[in-house]
A.B. asks: 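Sharing a structure here in structure tokens format.
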Amino acid sequence: MSATYELRGNVAVITLNNPPVNGLGHATRLGITQGLEKAEADSAVKAVVITGAGNAFSGGADIKEFGSPKAMAEPNLLSVIAAVEASSKPVVAAIHSVCMGGGLELALGCHYRVAAKGTQVALPEVKLGLLPGAGGTQRLPRVLGVETALNMIVSGEPVKSEMLASLPGQKLFDKLVDGDVVTAALALAAEVADKRPLPLVRNLKAKHPNADGYLQFARNSVGAMSRNYPAPLQCVEAVANAVYKPFDEGMRLELVAFQALMLTPESRALRHVFMAERATSKIPDVPADTPVRDVKKLAIIGAGTMGGGIAMNFLNAGMPVVMLEMKQEALDRGVATIRKNYEAQVKKGKLTQEKLDVRMGLLTTTLNYGDLKDADMVIEAVFEEMGVKEKVFKALDEVMKPGAILASNTSTLDVNQIAAFTKRPQDVIGTHFFSPANVMKLLEVIRGEKTAKDVLATVMALGKKIKKTCVVSGVCDGFIGNRMIEQYSRQGGFLLEEGATPEQVDKAIEKFGFAMGPFRMGDLAGNDIGWYIRKRRYVEQPEMIYSKTADVLCEMGRYGQKTGAGWYDYKPGKRDAIPSKEVVAMIEKVRAEKGITPRKISDQEIVQRLVYALVNEGAKILEEGIALRASDIDMVYLTGYGFPAFRGGPMCYADTQGLFNVVASMRRFQKNPRDDAKFWEPAPLLAKLAAEGKTFS
Ligand code: 3HC
Ligand code: NAI
């Protein structure tokens, strides 16, 4: 049953019961209207209370229903709220835990609202590329004032009920309670049972002392901040309607905007991201109830760039960390960097000195493997050389307690080979953090051939604890993210040889929405990293073709920002990328040596070649089972590589373009004499889905 009905004395209690968050799906909506009809028909009933079972009043419209006919099937949410408003008996909302989106809109349609302290209240539709579509933009400004309501609607951020209840003149809550909210709502229902007329939010005014000026200010600031997203500005206009237009006209316009936004690619992408984010933790053969190992203390080997950043994640989560290095100086340097990072946060007001002291107090250091024996998990972040990893893992195998998890932060090496250095390969796993590891959301969790299921489940849970987006990857060179980025970088190089400049390529892909183009990114990360990998490829995979430009750049010592010059020039101490005449001359020389006559390349071609290079490799990764699902690949790119969220990730973007069109473009690129025809051979899975008219999702 999606909504239950019971009599408590002369009050009917309708309880939404649609786990996990009482989403207002069709059956639940039907349950509410049927309950209201029953209460209306029963002369013994004097009032109605609506509440939610479990851990939510309601998380809003059922997102899983979006796009299906059920979403708007009668009774839709607007009809449910209309039925609540039309009730001849007072309806009291008993709000607790989570009251969001359509859930809040339902509560706003009720005659009275009682809230439990600590309830998260939000209209988060904007995060799905929408605006509240069941009266939220019209009713919230009427109970909270224009400014507070607009802030909530445009940001989508949850606000605690006690904060809202403390606002002067607020009419959102009639009561805020500490204890059982249903008991309090029943008491209020008894109090107001005979009171008439019944109060309706629609009869209030949406007020602001200087509405014209404030709304113009809101349009300007929201417009500037939401460049690629249509929803936030629509939210402002809808709230303006609440101020200037009659209630019913405001409602009509809100619905028109809601339905239009629902069809935008931005909303589709953001809804995809919402689901994709939650799907990452679902591993088909590792059920959610798989027992996890107890991890209370961490050990980290290597106090360099990654070791320090990784340690901070666990210190932030209140876990003790012991860090091991080869030399005291390296330990001292690592600890000093961690302290400096925390001090910078204190300076910015993001951390208190007390918390800094607590976190640093959790950190110990050692040069001795024996000191790791009480750690429940160790993460190795030493040099990227198999020989070094071998020594470390053999040493760890000797000292770590039975059942301890042994993780490697390797970015390219074979985790199965690393596991084989130990007598406990079932306890070995890859944890591929991204730099800076204390900032970046992404954690690729590398499942080795022999990794035990409970080890995988434990690391996924631990990743969640340190607030990472964890994506499972199988073992392959570069795992999901770096394996794909290599193809993207290769295309970047080919584009230069054919006639583009680094600036043109970067600008085109940044206009598409990427946080940073491949060349600015290379300068930031260090061009020598790719050079090192290519040198390995020249030996191991001589058939793999690369543009010569990146090698020549490194031969010129232009490693990027760290050497003050890369694809761009940099002024000392500055990060602004200045187009470089020297680099343009170098590219022209490479072209001349290869006999290439440069041509003008459109921004559209640049974007397609870069993004479809990702998509094609993504399709191979999917087919090989390295990624569990296409949406996991999207999450890797959204959280680790600056792919624009409003495009949903590379695989989602390909789906929206139509896989048939993607393949057609690739076939066109295959004919380009300067590009690598083999490169553009569509992955079998991509070709198959395109031929069948299907999508990755
Ligand atoms: N509909 C359907 N399922 C939902 C849902 C919703 N509105 N909100 C959350 N869920 C599901 C999730 O998919 C997840 O399912 P899973 O267990 O199968 O993966 C489960 O609930 C738990 O979600 P979280 O992992 O996010 O759990 P948290 O406890 O961290 O957060 C939450 C709970 C705060 C409710 C968070 O899920 C959230 O912010 N949900 C989105 C709420 C939202 O956007 N509501 C607006 C919907 S649009 C709308 O109402 C339109 C209306 O204006 C017409
Ligand atoms: P780094 O060079 O900054 O740090 C490595 C540290 O390991 C050094 O402090 C070194 O003294 C120490 N070390 C080396 N051998 C050791 C040993 N036998 N015992 C103990 N300590 C030892 O390197 P970085 O960048 O931190 O990389 C570490 C690992 O993380 C590598 O496997 C790398 O591929 C991987 N990685 C790096 C990323 C990056 O952006 N730097 C991103 C993701 C993974």
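One-based numbering, in listed order, for ligands and for the atoms of each.
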A.B. asks: Under a 4.0 Å threshold between the charged nitrogen and the carboxylate oxygen, would Lys70 count as salt-bridged to Asp62?
C.D. replies: no

A.B. asks: Below 4.0 angstrom from a heavy atom of Glu105, which ligand 1 atoms are there? Numbered from 1 as shown, please.
C.D. replies: 52 (C), 53 (O), 54 (C)

A.B. asks: Against heavy atoms of Pro132, which atoms of ligand 1 measure under 4.0 Å?
C.D. replies: 53 (O)

A.B. asks: Please find out if less than 6.0 Å separates the ring center of His96 from that of Phe57.
C.D. replies: no

A.B. asks: Nearest 0.5 Å, what's the CD1-CD1 distance between Ile621 and Ile626?
C.D. replies: 7.5 Å

A.B. asks: Does an N or O anywhere in Glu380 fall below 3.5 Å from an N or O of ligand 2?
C.D. replies: no

A.B. asks: Could you list which atoms of ligand 1 come closer than 4.0 Å to a heavy atom of Gly60?
C.D. replies: 50 (O)

A.B. asks: Would you say that Asp371 contacts Leu324 through its side chain, given a criterion of any heavy-atom pair below 4.5 Å between the two side chains?
C.D. replies: no

A.B. asks: For ligand 2 and Glu325, I'd like to know whether there is a polar contact (N/O to N/O, distance under 3.5 Å).
C.D. replies: yes

A.B. asks: Please state which part of Ile301 comes within less than 4.0 Å of ligand 2, counting heavy atoms only: side chain, backbone, both or neither.
C.D. replies: side chain

A.B. asks: Should you measure from each heavy atom of Thr305, which atoms of ligand 2 turn up under 4.0 Å away?
C.D. replies: 3 (O), 25 (O), 26 (O)

A.B. asks: Contact between Lys127 and ligand 1, counting heavy atoms under 4.0 Å?
C.D. replies: no

A.B. asks: Is the shortest N/O to N/O distance between Ile63 and ligand 1 below 3.5 Å?
C.D. replies: yes

A.B. asks: Quick check: Phe258 and ligand 1, any N/O pair under 3.5 Å apart?
C.D. replies: no

A.B. asks: Give a yes or no on whether a salt bridge exists between Asp523 and Arg575, defined as a side-chain N under 4.0 angstrom from a carboxylate O.
C.D. replies: no

A.B. asks: With the threshold set strictly below 4.0 angstrom, can you tell me whether any protein non-hydrogen atom sits that near atom 23 (O) of ligand 2?
C.D. replies: no

A.B. asks: If we count only N and O atoms by modelled type, under 3.5 Å, do the side chains of Asn316 and Lys467 hold a donor and an acceptor together?
C.D. replies: no

A.B. asks: Does any N or O of ligand 1 fall below 3.5 Å from an N or O anywhere on Val98, backbone included?
C.D. replies: no

A.B. asks: Please state which protein non-hydrogen atom is closest to atom 10 (N) of ligand 1 and give its distance, to 0.1 Å?
C.D. replies: Val21 CG2, 3.7 Å

A.B. asks: Number the atoms of ligand 2 from 1 as they appear, then name those within less than 4.0 Å of a heavy atom of Lys389, with their elements.
C.D. replies: 31 (C), 32 (O)

A.B. asks: Can you find a protein heavy atom closer to atom 7 (N) of ligand 1 than 4.0 Å?
C.D. replies: yes

A.B. asks: For a 4.5 angstrom cut-off between non-hydrogen side-chain atoms, does Ser631 reach Met635?
C.D. replies: no

A.B. asks: Near Ser411, which atoms of ligand 2 are under 4.0 Å from a heavy atom of that residue?
C.D. replies: 33 (C), 34 (O), 35 (C), 36 (N), 44 (C)

A.B. asks: Is there a polar contact, in the sense of an N or O pair closer than 3.5 Å, between Val382 and ligand 2?
C.D. replies: yes

A.B. asks: For ligand 2, is there an N or O atom under 3.5 Å from any N or O atom of Tyr369?
C.D. replies: no

A.B. asks: Contact between Val428 and Thr422 at the side-chain level, heavy atoms closer than 4.5 Å - yes or no?
C.D. replies: yes

A.B. asks: Quick one: look up the protein heavy atom nearest atom 20 (C) of ligand 1 and list residue, atom name and how far away it is.
C.D. replies: Pro20 CG, 3.4 Å

A.B. asks: Given 3.5 Å as the limit, does a donor-acceptor pair link the side chain of Arg483 with the main chain of Asp477, or not?
C.D. replies: no

A.B. asks: Checking contacts here: is it the side chain or the backbone of Val392 that comes within 4.0 Å of ligand 2, counting heavy atoms only? Could be both or neither.
C.D. replies: side chain

A.B. asks: If hydrogens are left out, which of Gly481, Ala437, Ser435 has an atom nearest to atom 40 (O) of ligand 2, that is, the closest non-hydrogen atom?
C.D. replies: Ser435

A.B. asks: Atom 13 (O) of ligand 1: which protein heavy atom is closest, and how many Å away?
C.D. replies: Arg278 CD, 3.6 Å

A.B. asks: In plain terms, say whether Lys394 and Glu390 are close enough for a salt bridge, that is, a side-chain N and a carboxylate O under 4.0 Å apart.
C.D. replies: yes

A.B. asks: Considering distance alone, does some N or O of Pro124 sit under 3.5 Å from an N or O of ligand 1?
C.D. replies: no

A.B. asks: Can a protein heavy atom be found under 4.0 Å away from atom 29 (O) of ligand 1?
C.D. replies: no

A.B. asks: When you look for heavy atoms under 4.0 Å from ligand 2, do you find them on the side chain of Val388, its backbone, both, or neither?
C.D. replies: side chain

A.B. asks: Is the ring centre of Phe514 less than 6.0 Å from the ring centre of Tyr488?
C.D. replies: yes

A.B. asks: Are the charged groups of Arg537 and Glu486 less than 4.0 angstrom apart, N to O?
C.D. replies: yes

A.B. asks: Going by the atom numbers of ligand 2, which of them fall below 4.0 Å from some non-hydrogen atom of His432?
C.D. replies: 43 (C), 44 (C)

A.B. asks: Any N or O on Ala61 sitting closer than 3.5 Å to an N or O of ligand 1?
C.D. replies: yes

A.B. asks: Pick one: which of Glu85, Glu105, Glu254 meets salt bridge (Lys or Arg N to Asp or Glu O under 4.0 Å) with Arg139?
C.D. replies: Glu85

A.B. asks: Assess whether a salt bridge exists between Asp528 and Lys535, defined as any Lys/Arg side-chain N lying under 4.0 Å from an Asp/Glu carboxylate O.
C.D. replies: no

A.B. asks: Hey, which atoms in ligand 2 end up nearer than 4.0 Å to a heavy atom of Gly304?
C.D. replies: 3 (O), 4 (O), 6 (C), 9 (O), 26 (O)

A.B. asks: Considering only non-hydrogen protein atoms, determine which one is nearest to atom 39 (O) of ligand 1 and report residue, atom name and distance to 0.1 Å.
C.D. replies: Met100 SD, 3.9 Å

A.B. asks: Below 4.5 Å, heavy atoms only, C-beta onward: do Ile300 and Val321 meet side chain to side chain?
C.D. replies: yes

A.B. asks: Distance to 0.1 Å, residue and atom name: give those for the protein heavy atom nearest to atom 45 (N) of ligand 1.
C.D. replies: Gly59 O, 2.8 Å

A.B. asks: Can you report which non-hydrogen protein atom sits closest to atom 38 (C) of ligand 1, along with the distance?
C.D. replies: Phe274 CE1, 4.2 Å

A.B. asks: Are the aromatic ring centres of Tyr641 and Phe434 under 6.0 angstrom apart?
C.D. replies: yes

A.B. asks: Determine, counting only non-hydrogen atoms of the protein, whether one lies under 4.0 angstrom from atom 32 (C) of ligand 1.
C.D. replies: no

A.B. asks: Please state which part of Arg333 comes within less than 4.0 Å of ligand 2, counting heavy atoms only: side chain, backbone, both or neither.
C.D. replies: neither

A.B. asks: Would you say the side-chain atoms of Asn76 and Ser79 include a donor-acceptor pair closer than 3.5 Å?
C.D. replies: yes

A.B. asks: Taking NZ, NE, NH1 and NH2 as the nitrogens, is one of them in Lys389 or Glu384 under 4.0 Å from a carboxylate oxygen of the other?
C.D. replies: yes

A.B. asks: For Phe383, take its heavy atoms, then give the atoms of ligand 2 lying under 4.0 Å from any of them.
C.D. replies: 2 (O), 5 (C), 8 (C), 10 (C), 14 (C), 15 (N)

A.B. asks: Note the single closest protein heavy atom to atom 19 (O) of ligand 1, along with its residue, its atom name and the distance in Å.
C.D. replies: Lys282 NZ, 2.6 Å

A.B. asks: What protein heavy atom is closest to atom 15 (O) of ligand 1, reported as residue, atom name and distance in Å?
C.D. replies: Lys64 NZ, 3.7 Å

A.B. asks: Is atom 25 (O) of ligand 1 less than 4.0 angstrom from some protein heavy atom?
C.D. replies: yes

A.B. asks: Report, in ascending order of atom number, the atoms of ligand 1 lying under 4.0 Å from any heavy atom of Phe66.
C.D. replies: 48 (S)

A.B. asks: Where the side chain of Ser58 meets the backbone of Asn22, is there a donor-acceptor pair that is under 3.5 Å apart?
C.D. replies: yes

A.B. asks: Select one of side chain, backbone, both or neither to describe which atoms of Gln120 lie under 4.0 Å from any atom of ligand 1, heavy atoms only.
C.D. replies: neither

A.B. asks: Specify side chain, backbone, both or neither for Leu128, according to which of its non-hydrogen atoms lie closer than 4.0 Å to ligand 1.
C.D. replies: side chain

A.B. asks: Of the side chain and backbone of Glu385, name the one, both, or neither that has a heavy atom under 4.0 Å from an atom of ligand 2.
C.D. replies: neither

A.B. asks: Should the proximity of Phe433 to ligand 2, defined as any heavy atom under 4.0 Å, be assigned to the side chain, the backbone, both, or neither?
C.D. replies: backbone

A.B. asks: For atom 50 (O) of ligand 1, is some protein heavy-atom partner under 4.0 Å away?
C.D. replies: yes

